[in-house]
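What follows is one structure encoded as C-alpha cells, with my remarks underneath.
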Amino acid sequence: MRNGEVAQVFYDIADLIEMTEGDRFRPIAYRRAAREIEAMPEDIEKLWRQGGVDRLRQVPGVGQAIAEKIDQYLREGKVDALEKLQKEFPKGLVAVMRLRGLGPKRASVLWKALGITDIADLKRAAENRQIRRLKGFGEKTEQKILDAIKLHEEGQSRTLIAVAWPIGEEILAFMRDHARIDRAAIAGSARRMREAVGDLDLLVTSPEPVAAIRVFTTMPRVKEVVLAGETKATVILDSRLQADIRVLDPGSWGAGLQYFTGNKDHNIHLRTMAQSRGWKLDEYGIFEGERKIAGETEEGIYAAFGLPWIPPELREENGEIEAAAKGALPRLVELKEIRGDFHVHTNRSDGVDPIEAMVQAAVDLGYEYVGISDHSQSLVVANGLSPDALRMHRARIRAVNREFEGKIAVLAGTECDILEGGALDYPDDVLKELDYTVASVHSKFTLSEEEQTERVVKAIQNPFVNIYAHPTTRLIGSRDPIEIDLEAVMEAAAATGTAIEVNAYPNRMDLNGPNARMAKEKGCILAVDTDSHAHGQLGNMRFGVGTARRGWLGPEDVVNAWPLDRVRAFFR
DNA sequence: GCCGTTTTCGGCCCGACTGTTTTCAGTCG
C-alpha cells in the first residue's frame, strides 16, 4: 500500500508551487488529489496495475496531468515536475513555510531578502534581530517566529480521540462553571470521530462572548494563548494539545456547528451548493441577500438544501451529500444498540483486572453479553495461556457466568495468535471447547504482502475462527500497518462468515472508518470491540462505534449489536 | 490542475485575527 507516499508527492508539489508567484488554485488542486489518495481504502498501485492512467483518472480530483504523474512515480519512483520544483527552492524552505504564522509568501520573502534556506538560518536571523527590519515584518513577528520554532522543535503530533475527547468535555464543564454559557459542544474532527485529532474545536453560545473568551484563555491548563479576539481564541494546553473556541449568538448555533465540524471539503461542497442557488453559507447562517434562511439548527442548514441531517461521522466528502440527496444515507449503528464486547482481557494474561471486574464493567454498560478473550500460548510476553491453562480459565469463566446469571451472559473465548504460515496457536480440539475464537497477528509483521495475506486468509478459513481482530496491526504513531491485501482478506471473511474487527483500543482503531466501509461493501460482518485490558477501558466502545459509523455501518452490519441467540448462530 | 442537472472555459468557500499598515496582506481554520 503506497497511497501515503504517492499523496506526499502531491503535498510536496503543492507546497512548492505555493512559493512561486503562480496560480493559487493549482496547489488547491494538488492537495485535493493528495487527500483523496491518502483517504481511499483501495491500493492506488493496484488500481494503476489494473487500469493504468485511465483508471487513476476515476479517482476524484485526479485528472490527466496528475494521473500521468502518478503513473511516472509508480513506474520510475520519481516525478519530473516535483524534481524541477525542488531545484528552484532550497530544501529546508518548505519546513520554514510550515511554521506556525508563516506561509508561502513570508517564507519566500525571508529567503530572497535574507538568504534563509532552513529553520536553523531562520533562528539565527531572528536571534540577531534581522527579521524586524524587513518590510512587512516587525518586532512582534520576529518573536512569534522564535516561538513557532520552539513549538516545532518540541515536535507535535496528533492526539488520540480517547485522550482529546475527555479534555474537551472537561473544558466545556469548566466554561459552564465560570462563564454564562447557553450551549456548548465539541466540534471539528473530534465530533467526526476521527481516531486522532490535530486540535480540539469547541463551540459555545453566550450572551457575554468577551467574558467567555477570557475564561477560556485563563483556564488553569492553558500553557500559551496563541490568539484571542472577540469571538474566537486559540490556546495551547499543558498537554501540548491546541484548543480553538468559537463563541456565537444562539441564532447561529446550527450554522456554527455545521461550519466548525467540517470537514473542509464537505463544507466547501455545501457552500458551493449555496452559491449556485444565489445564497451565501457561512458560520452565521444561510443568507439570500440580507435575509437569513437558516442558521439556528444544523438540521435547518441541511434542510435548506433539501437534505436530511447528515451525521458528523460521515462528513468527509466521500459521497455523503450525494447519498443524502438521494435519500440513501445509511441508518448508522448507535452506541446504545451495542449489546456486548468480544475482545476483553483479564489478569490471567496481560490485563490488570480479574474476570469479575471486567464482567461487572460490562453489566454497568448495560450489555447483554461479554466475551473473555485472553492471549494464547505463543504470546509469552503477554502471559499467553497453555491449552491446560485455557481449560482451567474456561472453567473459571463458566463459574463467573453462573455468578452473574440473570444479569449478563459471559462467553468463553480466546484471542488466538495466527502463527507464521497461517496455523492457529491452539489445535482445533481446544478451540472447539470455547464459545468463540478471536484470531489475530502479533508476530512476523514484516512478511511480504503475499505471505502475510496467505497467512491471514488461511486462519480466517479455519471454521473455528469467528473474528479476525485488529486486521492491519497498526499502532497510531508507532507502527505502520502490515503489508496485506485487505480486499482478499475481506473476501475470505465474507465467504466464511468470519467477522472483521473494528478494534477500539485508542492507539489501534483498526479497522479505520474507510476500511470498515470497504469491508461492508465486500459483504463482511464487523465486530466492534474494545480490546480492554482494564475495566475502565470498556468505555472506549463509544470511539469504536464512532469509527464504525465513519465506515457507514448500521446495526445489521455489527455482530455485537445483535441479540445473543443470533450471535451464537453466527459463531456456529 | 480540476471540473460541469446553469459551464469543455471560467470559475474555484468564507470570515476572524494579527501585525504592520494608514487601508490591508498574510495566515489560519
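Quick caveat, the model's predicted, so the values are computed rather than measured. Just so it is clear: chains get the letters A, B, ... in the order the sequence lines come, proteins before strands, and each one is counted from 1.
At B:dC17, one or more side-chain N or O atoms of A:Thr231 fall inside 4.0 Å of OP1 or OP2 (strictly under the cut-off). An OP1 or OP2 oxygen of B:dC13 is reached within less than 4.0 angstrom by no side-chain nitrogen or oxygen of A:Lys280. Here A:Tyr259 does not reach the OP1 or OP2 of B:dA16: none of its side-chain N or O atoms lies under 4.0 Å away. For the OP1/OP2 pair of B:dG29 and a distance below 4.0 Å, the side-chain nitrogens and oxygens of A:Gln242 include at least one atom meeting the criterion. Contact annotation: A:Gln275 side-chain N/O to B:dT6 OP1/OP2 distance is not under 4.0 Å. Residue A:Thr141 places at least one side-chain N or O closer than 4.0 Å to OP1 or OP2 of B:dT20.
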Applying salt bridge (charged side-chain N to carboxylate O under 4.0 Å, His left out) to A:Asp121 and A:Lys123, what does each step give before you reach the verdict? CA-CA 5 Å; A:Asp121 287 350; A:Lys123 192 175 183 181; over 6 Å; no
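When all heavy atoms of A:Val6 and A:Phe10 are compared, the pair lying nearest together is O-CD1, 3.3 Å. A:Ser252 and A:Tyr284 make their closest contact through OG-O, 3.1 Å (heavy atoms, listed as atom of the first residue, atom of the second, distance).
Comparing the same atom, C1', in B:dC12 and in B:dT7 gives a spacing of 13 Å after rounding to whole Å. Nucleotides B:dG10 and B:dA25 are separated by 26 Å at their P atoms, to the nearest Å. One P atom belongs to B:dC2, the other to B:dT6, and the distance between them is 23 Å to the nearest Å. Taking the P atoms as reference points, B:dT8 lies 16 Å from B:dC3, given to the whole Å.
Toward the 5' end of DNA chain B, the nearer of the two residues A:Leu102 and A:Glu142, judged by each one's closest nucleotide, is A:Glu142. Summary of the strand contacts: A:Ala107 and A:Ile268 both lie near DNA chain B, and taking for each the nucleotide with the nearest heavy atom, the more 5' one is attributed to A:Ile268.
Distance CG (A:Leu227) to C1' (B:dA16): 8 Å, rounded to an integer number of Å. Spacing between atom CD1 of A:Ile321 and atom P of B:dT5 amounts to 15 Å, rounded to whole angstrom units. Taking atom CD of A:Gln258 as the reference point, atom P of B:dG29 lies 19 Å away to the nearest angstrom. In this entry the distance linking CG of A:Asp201 with C1' of B:dC28 reads 12 Å, nearest Å. Taking atom CD on A:Glu322 and atom P on B:dT5, their separation rounds to 11 Å, with Å as the unit. Summarising the geometry, the separation between CH2 on A:Trp279 and C1' on B:dT6 is reported as 16 Å, rounded to the nearest angstrom. When rounded to the nearest whole Å, the span between NZ of A:Lys140 and C1' of B:dG26 equals 17 Å. Remark: P of B:dC24 and NZ of A:Lys105 are 17 Å apart, rounded to the nearest angstrom.
Which of B:dA16, B:dG1, B:dT27 sits closest to the side chain of A:Phe25 comes down to B:dG1. Side-chain atoms of A:Arg271 lie closest to B:dC14 of the nucleotides B:dC14, B:dG19, B:dA16. The side chain of A:Lys144 approaches B:dT18 more closely than any other nucleotide in the set B:dG26, B:dT18, B:dC13. Distances were taken from every side-chain heavy atom of A:Arg106 (C-beta onward) to each of B:dC13, B:dG29, B:dG26; the shortest belongs to B:dG26. Of the listed nucleotides (B:dT27, B:dC14, B:dG29), B:dG29 has the atom at the smallest distance from the side chain of A:Asp199.
A:Asp485 has a carboxylate O that lies under 4.0 Å from a charged side-chain N of A:Lys46, or vice versa, which qualifies the two as a salt bridge. Salt-bridge check for A:Lys326 with A:Glu320: failed, with every basic side-chain N at 4.0 Å or more from each acidic carboxylate O. One finds no salt bridge joining A:Arg192 and A:Glu317 here, because no Lys/Arg side-chain nitrogen approaches an Asp/Glu carboxylate oxygen to under 4.0 Å. A salt bridge between A:Arg129 and A:Glu142 is absent, with no side-chain N of the basic residue lying under 4.0 Å from a carboxylate O of the acidic one. Between A:Arg315 and A:Glu298 there is a salt bridge, since a side-chain N of the basic residue sits under 4.0 Å from a carboxylate O of the acidic one.
The stretch residues 51-87 of chain A comes close to DNA chain B through A:Pro60, A:Gly61, A:Val62, A:Gly63, A:Gln64, A:Ala65, A:Ile66, A:Lys69, each having a heavy atom under 4.0 Å from the strand. Residues from residues 26-37 of chain A with heavy atoms under 4.0 angstrom of DNA chain B, sorted by number: A:Arg26, A:Ala29, A:Tyr30. Of the residues in residues 159-168 of chain A, not one places a heavy atom less than 4.0 Å from an atom of DNA chain B.
The shortest distance between side-chain heavy atoms of A:Glu38 and A:Asn3 does not fall below 4.5 Å.
With a cut-off of 3.5 Å on both pairing distances, the Watson-Crick or G-U wobble partner of B:dC12 is B:dG1.
Residue A:Arg24 is out of contact with every strand shown, counting any heavy-atom pair closer than 4.0 Å. Using a 4.0 Å heavy-atom distance criterion, A:Leu99 is classed as a sugar-phosphate-only contact. Heavy atoms of A:Leu270 sit nowhere under 4.0 angstrom from any nucleic acid atom. The residue A:Ser276 sits close to a base: some heavy atom pair falls under 4.0 Å.
Among A:Arg24, A:Lys105, A:Arg31, the single residue meeting the salt bridge (charged side-chain N to carboxylate O under 4.0 Å, His left out) criterion with A:Glu18 is A:Arg31. Applying the side chain to side chain donor-acceptor pair (under 3.5 Å) test between A:Glu313 and each of A:Arg194, A:Arg549, A:Arg550 identifies A:Arg549 as the sole match.
At a cut-off of 3.5 Å, with distance as the only test, a side-chain donor of A:Gln242 or A:Asp244 sits close to an acceptor on the other residue. The closest side-chain donor-acceptor pair between A:Asp12 and A:Gln86, if any, does not fall under 3.5 angstrom.
Within the 3.5 Å criterion, the main-chain N or O of A:Met509 finds a donor-acceptor partner in the side chain of A:Arg474.
An anti base is found at B:dT20: its glycosidic angle is more than 90° from 0.
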